[in-house]
Student: 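Below are the structure tokens for one structure; questions will follow.
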Amino acid sequence: MPDEGTFDELSYLRKEVRRLRQSLNLLTPGLDVMLKRRGFRIFKKEPSEFLLAPGPELEDEYYAMLGKYSFRLFLRDVIKHQDFFTLGDVTRYATSGVTAEYIKYLKRAGLIRPEGDGFVLNRRVKSFGETLEWYVSGILRREFGAEAIWGVKFRRPNVGGDYDVIAKFDGSIFYAEVKSSPPKQIYDNEITAFFDRVLDLSPEIAVFLMDTELRMKDKIVPMFEEELKRRSVRAGVRRVEKELFQAGDRIFIINSKDSIVRNIETVFDRYFRKFNGI
């Protein structure tokens, strides 16, 4: 079993890699320039009207809270019952004690306020989607030293819609489609739209990320396989590990089992290893 010194050394090396990547980002063209080279000009990005997040002074703590899957599920329920909810309304994915602490945190963060014998959200939020995009872009910046933006719109003649998260790392483009819905609420046209955006943007890495711990093999992977057949693409979908899958060299399908951070790290590891013939 690794000793404490080994863990300290690994922590130091991770920080050094992050620092070096951040330095490299400063030496390479900015994300807007790299997009412009592909014929993309940002029309809109990072819409804040439906973002559920506290002020900048609490951003670090909120980012850490979002790392908990149960907290993200709790926020979905809060948004669903945003006009009024009680402890019982949002206690589905954690114990009542943990949920009570989550409510206390949201109140302290200024995101909810008491009303009667329950609570209400302090602002209208249409879904958890924007907040999840904000969180994933934060992961890419904080954990991997990337330049990242979320909720991006381009004026493109043939391919429309939002590009949920786009990042620049080591002079390459990373694109992620981020879904907060469970697999049963994902349909074929969404997979088709993802492939259309990948082909249009041509990122070095493209990720279809679902914030769920449910199996991807049952529904999502078969839809990807059907889309590949429809496009006459010979590459199939193969398992990387657990519920992480890869199609071709640059497309990955991941969920949030274990953690989103770890699974994105696995994607980077898998992508870079191809250059070593692995």
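Only this structure's heavy atoms are used, side chains among them; waters, hydrogens and symmetry mates stay out.
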Student: Whether the side chain of Q246 engages the backbone of D249 through a donor-acceptor N/O pair (distance < 3.5 Å, no angle test) should be reported.
Tutor: yes

Student: Donor-acceptor pair, T131 side chain versus L52 backbone, under 3.5 Å?
Tutor: yes

Student: Under a 4.0 Å threshold between the charged nitrogen and the carboxylate oxygen, would R92 count as salt-bridged to D77?
Tutor: yes

Student: Report yes or no: do L209 and V165 belong to one cluster of Ile/Leu/Val/Met/Phe/Trp/Tyr joined by side chain heavy-atom distances under 4.5 Å?
Tutor: yes

Student: With sequence neighbours left out, what residues match T192 under side-chain hydrogen bond (donor to acceptor under 3.5 Å, both in side chains)?
Tutor: E227

Student: So K45 and E133, salt bridge (Lys or Arg N to Asp or Glu O under 4.0 Å) or not? Walk me through it.
Tutor: CA-CA 11 Å; K45 65 176 181 177; E133 293 170 18; over 6 Å; no

Student: Do K153 and P47 have side chains that get closer than 4.5 Å, going by heavy atoms?
Tutor: no

Student: Would K217 and E243 pass as an ion pair if we require N to O under 4.0 Å?
Tutor: no

Student: Taking all heavy atoms of R72 and all of L132, pick out the closest pair and write down the distance.
Tutor: CD-CD1, 4.3 Å

Student: For residues 35-65, which residue pairs qualify under ring-ring contact (aromatic ring centres under 6.0 Å, His included), counting only residues two or more places apart or in two chains?
Tutor: F40-F154, Y62-W134, Y63-Y135

Student: Suppose we screen for side-chain hydrogen bond (donor to acceptor under 3.5 Å, both in side chains). Which residues come up paired with D196, at least two apart in sequence or across chains?
Tutor: R231

Student: Could you check whether K36 pairs with D32 (Lys NZ or Arg NE/NH1/NH2 to Asp/Glu carboxylate O, under 4.0 Å)?
Tutor: no

Student: Any ion pair linking R142 and E59 (charged N to carboxylate O, less than 4.0 Å)?
Tutor: yes

Student: Do you know which two heavy atoms are closest between S127 and V125, and how far apart they sit?
Tutor: O-CG1, 3.1 Å

Student: Going by side-chain heavy atoms closer than 4.5 Å, which hydrophobic residues are tied to L214, directly or by a chain of links?
Tutor: none

Student: Taking a hydrophobic cluster as the set of Ile, Leu, Val, Met, Phe, Trp and Tyr residues connected by side-chain heavy atoms closer than 4.5 Å, whether directly or through intermediates, do F174 and W150 fall within one such cluster?
Tutor: yes

Student: Okay, side chain of N263, backbone of N255: is any donor-acceptor separation there less than 3.5 Å?
Tutor: yes

Student: Within this structure, what is the CG-CG distance for the pair N158 and L199, rounded to the nearest 0.5 Å?
Tutor: 12.0 Å

Student: Is a donor on one side and an acceptor on the other found under 3.5 Å between the side chain of R124 and the backbone of Q82?
Tutor: no

Student: Answer yes or no: is there an ion pair linking E241 with R270, defined by an N-O contact shorter than 4.0 Å?
Tutor: no

Student: Walk me through whether T266 and D269 qualify under side-chain hydrogen bond (donor to acceptor under 3.5 Å, both in side chains).
Tutor: CA-CA 5 Å; T266 300; D269 176 72; over 6 Å; no

Student: Under a 4.5 Å cut-off applied to non-hydrogen side-chain atoms, are R113 and V120 in contact?
Tutor: yes

Student: Could you report the tightest heavy-atom contact between I253 and M216, atom names first, then the distance?
Tutor: CG2-CE, 3.5 Å

Student: Which label fits Y163 and Y175: parallel for a plane angle under 30°, tilted from 30 to 60°, or perpendicular past 60°?
Tutor: tilted

Student: Does R141 use its side chain to pair, donor to acceptor, with the backbone of A148 at less than 3.5 Å?
Tutor: yes

Student: Run through Y102, Y93, Y105, F128 and flag the one making a ring-ring contact (aromatic ring centres under 6.0 Å, His included) with F74.
Tutor: Y102

Student: Hey, is the main chain of P203 close enough, under 3.5 Å, to the side chain of R250 for a donor-acceptor pair?
Tutor: yes

Student: Charged N to carboxylate O under 4.0 angstrom, K179 versus E190?
Tutor: yes

Student: Measuring from K242:NZ to D258:CG, what's the distance to the nearest 0.5 Å?
Tutor: 3.5 Å

Student: Compare all side-chain heavy atoms of F224 with those of I251 and state whether any distance is below 4.5 angstrom.
Tutor: yes

Student: Do M65 and L58 belong together in a cluster built from hydrophobic side chains that touch within less than 4.5 Å?
Tutor: no

Student: Nearest heavy-atom pair of S181 and I186: which atoms, and what distance?
Tutor: CB-CD1, 4.3 Å

Student: Where is the tightest heavy-atom contact between K219 and Q185, given as atom of each residue plus distance?
Tutor: NZ-N, 4.3 Å

Student: Can you sort out the partners of D188 under salt bridge (charged side-chain N to carboxylate O under 4.0 Å, His left out), two or more places apart, ordered by chain and number?
Tutor: none

Student: Can you check whether R262's main-chain N or O pairs, donor with acceptor, with S259's side chain at less than 3.5 Å?
Tutor: yes

Student: Does D164 use its side chain to pair, donor to acceptor, with the backbone of V178 at less than 3.5 Å?
Tutor: yes

Student: Quick check: do T86 and F119 have side-chain heavy atoms less than 4.5 Å from each other?
Tutor: no

Student: With distance as the sole test, does R76 use its side chain to make a donor-acceptor pair with the main-chain N or O of S180 at under 3.5 Å?
Tutor: yes

Student: Looking at R238, I'd like to know if its CZ atom is crowded, meaning that more than 12 non-hydrogen atoms belonging to other residues, nucleotides or ligands lie closer than 6.0 Å.
Tutor: yes

Student: Quick one: closest heavy-atom pair of V267 and V207, and the distance?
Tutor: CG1-CG2, 4.1 Å

Student: Does R215 pair with D218 as a salt bridge, N-O distance under 4.0 Å?
Tutor: yes

Student: Check whether any side-chain heavy atom of I254 sits under 4.5 Å from a side-chain heavy atom of F245, and report yes or no.
Tutor: no

Student: Going only through I, L, V, M, F, W and Y residues with side-chain contacts under 4.5 Å, is there a path from I260 to F268?
Tutor: yes

Student: Once side-chain hydrogen bond (donor to acceptor under 3.5 Å, both in side chains) is applied, do any residues pair with E204, and if so which ones, sequence neighbours excluded?
Tutor: R38

Student: Can you get from F272 to L244 by hopping between Ile, Leu, Val, Met, Phe, Trp and Tyr side chains that sit under 4.5 Å apart?
Tutor: yes

